Amino acid sequence: MAFLSDIVSQTAPRALDFGARVVPAPAIALGGALMANALLVSDHTLEALSGTRVCLEITNPKLAIGFVIRNARLWPAPPIPWTTCIRGEMRSFLALLLQTEDADALFFDRRLCVEGDTGVALQLRHALESAIYRHKKRLRSLLP
């Protein structure tokens, strides 16, 4: 697993940087929503956040994508107006997704910035972290 994380963390920033420059933001938001919803399948922890609008603002490369939470799922939406905005470089978001760095460390090192309702960011973080943990555990059980 660590080997896969190393490969992804080395190659993904360049691929995502290129993709962010050529793929329209709404298509990236749709892809992100589909991936998050696949992770969150049968997880109802986001039901309390229904109607909440979240913006992910990537500073390098410059990109803003938005989501609205409905029926415990993320749906693509315009990035503004937002309830919560999470801002940082692509590498920080990737480290968060791959769990190679702790979200709190990224926040306190000012590599990720949260504006607006920070409670929404925390609930979203916990839902995604627990979903990633469940899927990693399931994957490990399938491997010899």
Side-chain angles (χ1 to χ4, degrees), residues 1-17 19-20 23-61 63-144:
M1 274 312 211
F3 177 70
L4 182 60
S5 289
D6 289 343
I7 290 173
V8 172
S9 64
Q10 290 172 10
T11 59
R14 286 186 295 252
L16 292 172
D17 182 46
V23 178
I28 294 171
L30 177 61
L34 290 171
M35 286 189 306
N37 292 335
L39 282 172
L40 294 167
V41 69
S42 75
D43 187 333
H44 301 284
T45 57
L46 296 182
E47 285 178 351
L49 298 178
S50 191
T52 301
R53 299 177 68 89
V54 178
C55 174
L56 298 181
E57 188 176 306
I58 300 165
T59 58
N60 185 15
L63 175 69
I65 54 176
F67 304 96
V68 63
I69 300 172
R70 272 190 251 119
N71 302 324
R73 296 284 173 259
L74 290 155
W75 299 89
I80 53 175
W82 45 259
T83 308
T84 300
C85 180
I86 306 167
R87 184 176 297 115
E89 289 189 356
M90 179 74 74
R91 288 184 183 275
S92 298
F93 282 106
L94 190 60
L96 190 63
L97 181 65
L98 293 173
Q99 295 182 326
T100 56
E101 292 192 53
D102 181 60
D104 292 331
L106 291 168
F107 176 77
F108 288 116
D109 288 345
R110 298 178 191 249
R111 293 171 45 205
L112 283 181
C113 172
V114 178
E115 291 181 30
D117 189 340
T118 56
V120 169
L122 284 174
Q123 284 183 279
L124 189 57
R125 168 193 165 189
H126 292 302
L128 289 171
E129 281 179 349
S130 68
I132 289 168
Y133 175 77
R134 280 193 317 274
H135 290 287
K136 276 185 175 179
K137 189 175 177 182
R138 190 174 303 140
L139 183 61
R140 283 188 186 120
S141 72
L142 297 173
L143 298 173

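No experiment lies behind these values; they were computed from the predicted model shown.
In this structure, the separation between CD1 on I86 and CG on L96 is 8.0 Å, given to the nearest 0.5 Å. Taking CZ of F67 as the reference point, atom CG of L124 lies at 9.0 Å (rounded to 0.5 Å). Taking CZ of R73 as the start and CG of L34 as the end, the distance is 11.5 Å to the nearest 0.5 Å. To the nearest 0.5 angstrom, M35 atom CE is 11.0 Å from L74 atom CG. To the nearest 0.5 Å, the span separating CG on L56 from CG on L63 amounts to 9.0 Å. Here the CZ atom belonging to R91 is positioned 13.0 Å from the CG atom belonging to L106, to the nearest 0.5 angstrom.
Side chain of D102 to backbone of D104: a donor-acceptor contact under 3.5 angstrom is found. The backbone N or O of P78 sits less than 3.5 Å from a side-chain atom of R53, completing a donor-acceptor pair.
The side-chain contact (heavy atoms from CB on, under 4.5 Å) check on L49 picks up L46, T52, I69, V120, Q123, with sequence neighbours excluded. Remark: N71 pairs with no residue by the side-chain contact (heavy atoms from CB on, under 4.5 Å) rule, at least two apart or across chains.
Residues F93 and L112 are in side-chain contact: their nearest non-hydrogen atoms beyond the backbone lie under 4.5 Å apart.
Each side chain to side chain donor-acceptor pair (under 3.5 Å) pair with one or both residues in residues 77-87, not counting sequence neighbours, appears once here: E57-R87, R87-E115.
Scanning all heavy atoms of the two residues, the minimum distance from A64 to P79 falls at O-CG, 3.9 Å. What you find for L128 and A36 is that their closest heavy atoms are CD2-CB, 4.3 Å. For the pair A127 and T45, the tightest heavy-atom approach, listed with the atom from each and the gap, is CB-OG1, 3.3 Å.
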